[in-house]
Each structure stands twice: as C-alpha cells, then as structure tokens.
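Letters A, B, ... are given to chains in the order of the sequence lines, protein chains preceding strands, and every chain is numbered from 1.
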There are 2 protein chains.
Amino acid sequence: MTYRLPSLNTLRAFEAAARHLSFKTAADELGVTAGAVSQQVKKLENSLGVLLFRRLPNGLLLTSEGETYLPAITQVFEDLTHATEQIAPDINSRKFRVGLCPAVRGLLPANWPHHNENLRRHVRECIETSDIDLLFDNELDCLIRPGGGPYRDLTLVVVTCPQRAHDLHFVCRPGTAECAQSRAILADLAQHLACCGK
Amino acid sequence: MTYRLPSLNTLRAFEAAARHLSFKTAADELGVTAGAVSQQVKKLENSLGVLLFRRLPNGLLLTSEGETYLPAITQVFEDLTHATEQIAPDINSRKFRVGLCPAVRGLLPANWPHHNENLRRHVRECIETSDIDLLFDNELDCLIRPGGGPYRDLTLVVVTCPQRAHDLHFVCRPGTAECAQSRAILADLAQHLACCGK
DNA sequence: GCGGAGGGATAGAAATTCTCGGTCTAGATG
DNA sequence: CATCTAGACCGAGAATTTCTATCCCTCCGC
C-alpha cells in the first residue's frame, strides 16, 4: 500500500499561505515565524518539482497548480478534522463518563455528580463498575477503584485516603490525566473521601 | 481557520498498523523499526485521549474508535495522493517539456528529441522559446538559453560549450535538476554542442 | 524449560523544524 | 533622490521530533 503523502507540516504551511497569499500572515496564524513557513513551502515545492507560488517582493501569487491544489488540500484537512472529531471529541469539551467502584459509590452523594454545579459540567454520567476493560474500550473516561490491576497502557493517579487502609486509584487513558475534567473529579473525590469518617 | 490535524507521521503509523494489526508488519512496510511505529501510535493516542488499539502479546486489535478511524484515514490518504498526483505527477514518470532558445534549437537535429530512443522516453515535446516565466508557471520543465536572467527560485546548471563564447544555461525548477530526464537532456546537449563547429 | 514472535521502555543518534539576524526588492513618502 | 517599510529569502544554530538499538515482558508452541 503506497501512498504519496507530502509532509503534513509542509501542507499546513502551503494551505495557510495560499489562503492568505502571504507567508507573513500564514506565520501569524500558525504561530511560527515567516521564515519557517517559507522553508516549509519551499520544501514542499522541491519534493513535488512544481512551483506552487509566484513570489513577489511584497506577497505571493498562486500558480495554476497552486490554485488547483488549495481546495483539494483544504478538503483533506476538513475531512481529517471531521474524522478525528468523530472518534475523539475535543478534550476540552468532552464530558467524562465516570466509573465508580461500589465502595466509592457508597461514599458519594446519591445524586453524584449533580450535587455540584462545576462537576456537572465535566461529567456526563457515572456507572457503578470496577471493570478496567471499559477504559481500554473507550467506554469510560476514568475509573475510580481500589488499587491493583493490569493497567498496562493506562495512566494512574493514586488517591490517598486518610481514613482508609488502602489507596484508591483514579485510572484514565493516556493524555487525559491532566485535563480539567480529571482535576475536577479528583478534587471532588478528595473532598468527599476526607470528610467521611471510618 | 482552525483545523484539528494530528501529525501526519502518527497517522501514517496508525493506518499501516491498523491494516496489518501488527506494528512489526507496519514497520516493515514503512521502512522503519517497530519501536518507531509503536512510539508514533502511542503519541497519536495520547494526543487524542482515546485508545485506538488493544495490545495483545502477539499482535493488535482495533478498538471501536480505531475501526471507525481507519477507513476515514485511508480515504484521506487516497484523496491526498490523488490531489498530489494531479498537480505534480511522479517525477519518475514525468515527461519533460523542454524549452530551447533559437540559437540552440538551430544546433540540434530537426527531429529532436525523436532522433534518440532514450531521449524520446524522457521528453514529451520541445518548443522554441527563451521565456523563463514558462518555468515559473510550470508550463515547461526545463529551458536551455544563453546566460542571464532573474532565475530567483529556479535551479541553474551551466552548460559549457567549447566552441561558443558564452555558456548556456539549463534552467529548471527546484528538485528536478538531478532526475533522469534532466541528465538525459544534458547529456544529449553536451553531445551536440561539442560536435558542432563554430 | 527454551526459543521465537511481537509489543513496550529507554537512551542516545539522526533528522527535522524553528528562530534569529541579516539581505534583497518594490513601493511609498518626504 | 534618499529613506523607510513590508515582506520574502538565506544561512547558521538552537530546539524538537523521529528513529534506532538494546533490553524487557508476555504469550505461545515445541
């Protein structure tokens, strides 16, 4: 299976420069220097053996090939964005599905997470379970359970409970331990687990 | 204009591994080590906060999200390949359109490039012109003309002519000076320009 | 038990990307 | 005319990413 795939980084530079007809403006949009955009576009043109821009002293013009390529690349970016959003909604807007083991579930308010306005913004639902596989299968976003288990690829945050003999484990997938949702849930847990007497 | 674009390198690793359900086989296909594929896939999963594979001791299984993502990414790669091929046919199969200045055209066989079997494989057509803009506009693939001119982004190969007072310039776009076509044309030129007496 | 297959982890080498400072050109301004 | 501004280009070096090599682990077959 052979694809002919230019470097995405070079395509990103091309697409932004082509929309703006300016390396400078593209650089501003991409958050890099104009020199970097210029280098990437030049690298793309070299790899293709086709010029995509006519350089003018104060800006750019697209060649015929550049004009043909731009809408195609824009479409590719949109398709890729859509596909990515579909399987992995933006972490910042993602509402967590939380798994709570029975022991922890019993320590939390019956209407958890609705008892707290802030928490409710971050949590879609919670179910009573200790099943780690639900994390591996992307069915849950985090799981709070007593220690132990083959976590393998998952990320573990130890929740120390002053009145409990054993720590609890907040388990989630890689890349999600530091987000606002995890922090809000951990803070709420800390509050409830510290208050509940043995 | 904000796109959500995972690194293409990570997507490339994902797509190959997902097709084969094996990092090892994907590595073979991509020409890198299995460790590199593993790293790239892991990087993608981290950035998404979603697991795309279930790792087994002797291979991989796709998660539900992985199974959804694969055909979408494959389609994106195909679209991108098609768009790229459309504006920039593979350099190895590209037939050159050659510009020859009048002085040079007069020194070559009347049926150039058809006088030579090998050359004919590399050259689609030739026109008599000295106009550099045709190179900038991707209308020609190379141009042979007397020295001088604002070549700016173009690549220049100097053709020394023993019996001529001035060198000639073989001019082409970046990335195309070293390919088989350019070399064949330059060799043929060298042959004819050396043989022609003052 | 041993060997092989394949995925994971780590450190360092290699490659790529980015930044910075300077150059050049065209156009505007005084 | 001289000067300034905007923006693209160039090259060197810093920063980051990618890749490699080596070792570890689990599972499976013999």
Chemist: Show me the pairs that pass salt bridge (charged side-chain N to carboxylate O under 4.0 Å, His left out) and involve residues 66-93 of chain A, at least two apart or across chains.
Modeler: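 Checked against salt bridge (charged side-chain N to carboxylate O under 4.0 Å, His left out) - neighbours excluded - the pairs reaching residues 66-93 of chain A are A:Glu85-B:Arg4.
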
Chemist: Can you list every salt bridge (charged side-chain N to carboxylate O under 4.0 Å, His left out) pair that touches residues 16-30 of chain B, not counting sequence neighbours?
Modeler: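 Found B:Glu15-B:Arg19, B:Arg19-B:Glu29, B:Lys24-B:Asp28.
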
Chemist: Please find the earliest and latest nucleotides of DNA chain C, in the 5' to 3' direction, that have an atom within less than 4.0 Å of any heavy atom of chain B.
Modeler: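 First and last nucleotides in contact are C:dA5 to C:dA11.
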
Chemist: For B:Glu178, which residues count as a salt bridge (Lys or Arg N to Asp or Glu O under 4.0 Å) partner, sequence neighbours excluded?
Modeler: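 Salt bridge (Lys or Arg N to Asp or Glu O under 4.0 Å) check on B:Glu178 returns nothing, list empty.
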
Chemist: Taking only residues two or more places apart in sequence, or in another chain, which ones meet A:Phe77 in a ring pair (Phe, Tyr, Trp, His ring centres under 6.0 Å)?
Modeler: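 B:Tyr3.
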
Chemist: Enumerate the residues from residues 8-28 of chain A whose closest heavy atom to DNA chain D is under 4.0 Å, giving them by residue number; use none for an empty result.
Modeler: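 Residues of residues 8-28 of chain A that come under 4.0 Å of DNA chain D are, in numerical order, A:Ser22, A:Phe23, A:Lys24.
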
Chemist: Given D:dC9, is OP1 or OP2 found less than 4.0 Å from the side-chain N or O atoms of A:Ser38?
Modeler: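 Answer is yes, contact under 4.0 Å.
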
Chemist: Verify the contact: side-chain N or O of B:Gln40 to OP1 or OP2 of D:dT18, cut-off strictly under 4.0 Å; return yes or no.
Modeler: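 Checking B:Gln40 against D:dT18: at least one side-chain N or O falls below 4.0 Å of OP1 or OP2.
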
Chemist: Treat each ILVMFWY residue as a node, draw an edge where side-chain heavy atoms are under 4.5 Å apart, and state whether A:Leu154 and A:Ile127 are in one component.
Modeler: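 Shared cluster, yes.
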
Chemist: Just jot down the ring pair (Phe, Tyr, Trp, His ring centres under 6.0 Å) partners of A:Phe53, sequence neighbours excluded, or say none.
Modeler: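 Listed in chain order: A:Phe14, A:Phe23.
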
Chemist: What is the distance, rounded to the nearest whole Å, between atom CD of A:Gln39 and atom P of D:dC10?
Modeler: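 Rounded to whole Å, this separation is 10 Å.
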
Chemist: Provide the full list of salt bridge (charged side-chain N to carboxylate O under 4.0 Å, His left out) pairs with a residue in residues 120-131 of chain B, sequence neighbours left out, each pair given once.
Modeler: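 As it turns out, the salt bridge (charged side-chain N to carboxylate O under 4.0 Å, His left out) pairs with a partner in residues 120-131 of chain B, which skip direct neighbours, are B:Glu117-B:Arg120.
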
Chemist: Taking only heavy atoms on the protein side, list every residue of residues 41-68 of chain B lying under 4.0 Å from any atom of DNA chain D, sorted numerically.
Modeler: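 Only B:Lys43, B:Pro57 qualify.
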
Chemist: Scan residues 46-57 of chain B for pairs that pass salt bridge (charged side-chain N to carboxylate O under 4.0 Å, His left out), counting only residues two or more places apart or in two chains.
Modeler: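 Matches after skipping sequence neighbours: A:Asp133-B:Arg54, A:Asp137-B:Arg54, B:Glu45-B:Arg55.
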
Chemist: Can you check whether B:Ser7 has a side-chain N or O nearer than 4.0 Å to OP1 or OP2 of D:dT18?
Modeler: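 B:Ser7 to D:dT18 OP1/OP2: side-chain N or O found under 4.0 Å.
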
Chemist: Test of understanding: with ring pair (Phe, Tyr, Trp, His ring centres under 6.0 Å), list the residues that count as partners of A:His20, not counting sequence neighbours.
Modeler: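 Ring pair (Phe, Tyr, Trp, His ring centres under 6.0 Å) check on A:His20 returns nothing, list empty.
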
Chemist: Side-chain donor-acceptor pairs under 3.5 Å in residues 100-114 of chain B, sequence neighbours left out?
Modeler:
residue: B:Arg105; atom: NH1; partner: B:Pro109; partner atom: O; Å: 3.3
residue: B:Arg105; atom: NH2; partner: B:Ala110; partner atom: O; Å: 3.0
residue: B:Trp112; atom: NE1; partner: B:Asp188; partner atom: OD2; Å: 2.6

